[in-house]
Enquirer: 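Input: one structure, supplied below.
Computed from heavy atoms alone, side chains included, the values below leave out hydrogens, waters and symmetry copies. Residue numbers start from 1 in every chain, and the chains themselves are labelled A, B, ... in the order their sequence lines are given, proteins ahead of strands.
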Number of protein chains: 2
Amino acid sequence: MSQTVDRALSILPLLAEGPADLGQVADRLGVHKSTALRLLRTLHEHGLVYRQSDQRYRLGARLFALAQEAMENLDVREIAHPHLVRLNESCGHTVHLAVYEENEVLYIDKVESRYPVRMYSRIGKPVAITVAAVAKLLLADLPEHERRAVAEKLDYPTYTARSTPNAGAFLRELEKVREQGWATDLGGHEESINCVAAPIRGADGRVVAAMSVSAPNVVVTADELLTLLPLVRRTADAISGEYSGRTPVNYPA
Amino acid sequence: MSQTVDRALSILPLLAEGPADLGQVADRLGVHKSTALRLLRTLHEHGLVYRQSDQRYRLGARLFALAQEAMENLDVREIAHPHLVRLNESCGHTVHLAVYEENEVLYIDKVESRYPVRMYSRIGKPVAITVAAVAKLLLADLPEHERRAVAEKLDYPTYTARSTPNAGAFLRELEKVREQGWATDLGGHEESINCVAAPIRGADGRVVAAMSVSAPNVVVTADELLTLLPLVRRTADAISGEYSGRTPVNYPA
DNA sequence: CAGCGGTGTTGCACTGTCTGCAACATTCAT
DNA sequence: ATGAATGTTGCAGACAGTGCAACACCGCTG
């Protein structure tokens, strides 16, 4: 809608692929170097772009800070966090929290038992939307026409033999998930990984987020993991209650 | 330099404070509503801004993704990471990795032993630049005039009684750090937390990053923490060697 | 239910800002 | 030294962005 801003913002994903110099940026934008220069300068002033010692441009620090703040303003996340930790303590497996936004599902929190360090490598990254248990829950709650529209638009990569093959199968799965109020992913993304997930609902009953417990086959079988379902649902319900204001937290004093 | 882009980008930090509606955005930008609308729309198309159900605008998901990718493209981080993990395994304390960029020092990696989950709450956030051990190392390496300029510009908040009080004291501290090649923060940020830090240097000898080990008084005294200094320095040197290409990693096959 | 204030949205004429050019500066390689 | 490649500046012209005013759309309230 606004050409100049549009061009400027197009620079960001471009730089996300790796550092680039003025010429490259200008070329890929299809504008004159001087134009690219001015755009980059503006981005630079706002700290979104950084000029490294070899003069090439990189994404800048402010970007982290912004993403940070945005994250902290997600109140579901804040409320859910202690619950996720408690769940993780009691079962030991990886716990995820995810939301849906504009045709994407993304993790906004994660508690991992064994490899704490890998954590942020996933937070913020889009989820395998056609197979992930949390994605099913979030999409299943969309109004039907929207659900259809999204399902048609998606790609259906065959991660494993159990991956959702196409839109039809996906919509049927969503219908099932919608009815039962929980979801699973049994080796649909990675052969040896299973997940159980439950929805978190706002005051109006709409699904605002979803949480899941994941574990590899070698630790627990799918059946064993399923025995955790009641616990997962209880946790999700507790978060729902708190989020929607039904279960006010008691603040000290 | 570019008015339109400038205005558009000014919206981001504004929204970082919390969701806002069209009117508020227009007011704070000092532009007409229709103008703000067009800017927001453009930001929206790029996924940087999201419109929540109550019509207010929030920072969007793409921002996370961008920050993610930017992060992954920092090669120091990638090289350093396994070393940080190893250090953490051998001493058990929190390990940080930080870089300097445009008057800010920010953590780009962290390995924490006890509370793995808190991790990302810090990564990406600017560091307390006047007291943090890593910040001292990074600033100490700037050319003198620049160092002076930065030191003068900074605020010197009194986090604790041991915080750096003013530019003069800071510059003297930097001089000391510069000479000895390592730095500490003994309760300068939080009364009970101490840190030891060492610099990571590129091929040209310039400091490209800094790493530190932090631990609360209750776990180890400052003196005990200082005994880790040789280990920290060795780790930093190992990273430096690999980063600058002096210690090529052996890839299989 | 009509009328009202508060939103967000659209179309349009004007003008001010962005554009591309061409000339200049700088760095590096040969 | 000479040249090529890259980044930078100033400028005139054009077009994209601006603000206005009118419209559409709520949810309120009397």
Side-chain angles (χ1 to χ4, degrees), chain A residues 1-12 14-15 17-60 101-102 143 145-146 202-206 245, chain B residues 1-15 17-60 101-102 143 145-146 202-206 244-245:
Chain A
M1 291 271 126
S2 164
Q3 190 190 62
T4 317
V5 178
D6 186 48
R7 285 173 171 170
L9 296 182
S10 304
I11 294 178
L12 298 177
L14 193 156
L15 290 183
E17 294 168 22
D21 63 31
L22 181 61
Q24 296 170 323
V25 173
D27 281 353
R28 294 203 40 188
L29 280 186
V31 299
H32 195 266
K33 281 185 305 175
S34 57
T35 305
L37 181 67
R38 248 166 313 110
L39 297 177
L40 280 165
R41 272 224 257 265
T42 311
L43 289 168
H44 181 90
E45 272 174 24
H46 286 258
L48 297 182
V49 145
Y50 175 64
R51 194 141 198 209
Q52 44 188 28
S53 41
D54 62 352
Q55 295 237 92
R56 291 189 307 165
Y57 295 92
R58 267 211 315 94
L59 291 182
E101 185 177 317
E102 312 264 315
H145 58 281
E146 201 174 333
D204 54 0
R206 296 221 31 198
Chain B
M1 291 270 125
S2 164
Q3 190 188 62
T4 317
V5 178
D6 186 48
R7 285 173 172 173
L9 297 181
S10 305
I11 293 178
L12 298 177
L14 192 155
L15 289 184
E17 294 169 20
D21 63 29
L22 181 60
Q24 297 170 323
V25 172
D27 281 353
R28 294 204 39 188
L29 281 186
V31 299
H32 195 267
K33 280 185 306 176
S34 57
T35 305
L37 181 67
R38 249 168 314 110
L39 297 177
L40 281 165
R41 272 225 256 264
T42 311
L43 290 168
H44 180 92
E45 271 173 27
H46 286 259
L48 298 181
V49 145
Y50 174 64
R51 193 140 198 211
Q52 46 188 27
S53 41
D54 62 353
Q55 296 238 92
R56 291 190 305 165
Y57 294 91
R58 267 212 316 94
L59 292 182
E101 185 176 318
E102 313 264 316
H145 60 280
E146 201 173 333
D204 53 1
R206 296 224 27 200
S244 57

Enquirer: What distance do A:L29 atom CG and A:T35 atom OG1 have between them, rounded to the nearest 0.5 Å?
Expert: 9.5 Å
Enquirer: In whole angstrom, give the distance that lies between atom CD of A:Q55 and atom C1' of D:dA5.
Expert: 12 Å
Enquirer: Closest to the A:R38 side chain: C:dG8, D:dC20, C:dC18?
Expert: C:dC18
Enquirer: Could you grab the distance from atom CG of A:D6 to atom CZ of B:R41, nearest 0.5 Å is fine?
Expert: 13.5 Å
Enquirer: Do A:H46 side-chain atoms and A:L48 backbone N/O form a donor-acceptor pair below 3.5 Å?
Expert: no
Enquirer: Taking all heavy atoms of B:V25 and all of B:A20, pick out the closest pair and write down the distance.
Expert: CG2-CB, 4.1 Å
Enquirer: Measure the distance from CG on B:L37 to P on D:dA22 and round it to the nearest whole Å.
Expert: 19 Å
Enquirer: What is the separation between atom CG on B:D6 and atom P on D:dT18, rounded to the nearest whole Å?
Expert: 11 Å
Enquirer: Pick the closest DNA chain D nucleotide for A:Q3 and for A:L22 by heavy atoms, then say which residue is nearer the 5' end.
Expert: A:L22
Enquirer: Tell me the interatomic distance from B:H44, atom NE2, to C:dT9, atom P, rounded to whole angstroms.
Expert: 11 Å
Enquirer: What parts of residues 24-31 of chain A reach DNA chain C, counting only heavy atoms under 4.0 Å away?
Expert: A:V31
Enquirer: Which is it for A:V5 and B:L9 under the side chain to side chain contact (heavy atoms under 4.5 Å, CB included) test, yes or no, and what are the steps along the way?
Expert: CA-CA 9 Å; A:V5 178; B:L9 297 181; over 6 Å; no
Enquirer: Can you tell me if B:Q24 uses its side chain to pair, donor with acceptor, with the backbone of B:D21 under 3.5 Å?
Expert: yes
Enquirer: Rounded to the nearest Å, what distance is computed from the CZ atom of residue B:R56 to the C1' atom of nucleotide C:dG8?
Expert: 15 Å
Enquirer: Quick check for you: to the nearest 0.5 Å, what is the distance between A:L39 atom CG and B:T4 atom OG1?
Expert: 10.0 Å
Enquirer: Which listed nucleotide (C:dG8, C:dA22, C:dC18) is nearest to the side chain of B:S2?
Expert: C:dC18
Enquirer: Between atom NE2 in B:H32 and atom P in C:dT10, what is the gap in whole Å?
Expert: 14 Å
Enquirer: Identify which nucleotide among D:dG7, D:dG19, D:dA16 has an atom closest to any side-chain atom of A:T4, counting heavy atoms from C-beta outward.
Expert: D:dA16
Enquirer: Please state how far atom CG in B:D21 lies from atom P in D:dC25, giving the value in whole angstrom units.
Expert: 20 Å
Enquirer: Is a donor-acceptor pair below 3.5 Å formed from side chain B:S34 to base D:dG19, judging by atom type as modelled?
Expert: yes
Enquirer: Which whole-number value in Å describes the distance from A:K33 NZ to D:dA5 P?
Expert: 11 Å
Enquirer: With no hydrogens and no angle check, is any side-chain donor or acceptor of A:T42 less than 3.5 Å from a backbone partner on B:S2?
Expert: yes
Enquirer: Taking five pairs at each end of the helix from C:dC1-D:dG30 to C:dT30-D:dA1, what angle separates the two helix axes (nearest 10°)?
Expert: 30°
Enquirer: Could you please name the option among C:dG20, D:dT18, C:dT9 that lies closest to any side-chain atom of A:R7?
Expert: C:dG20
Enquirer: If you round to the nearest 0.5 Å, how far is CG of B:L14 from CG of B:D27?
Expert: 10.5 Å
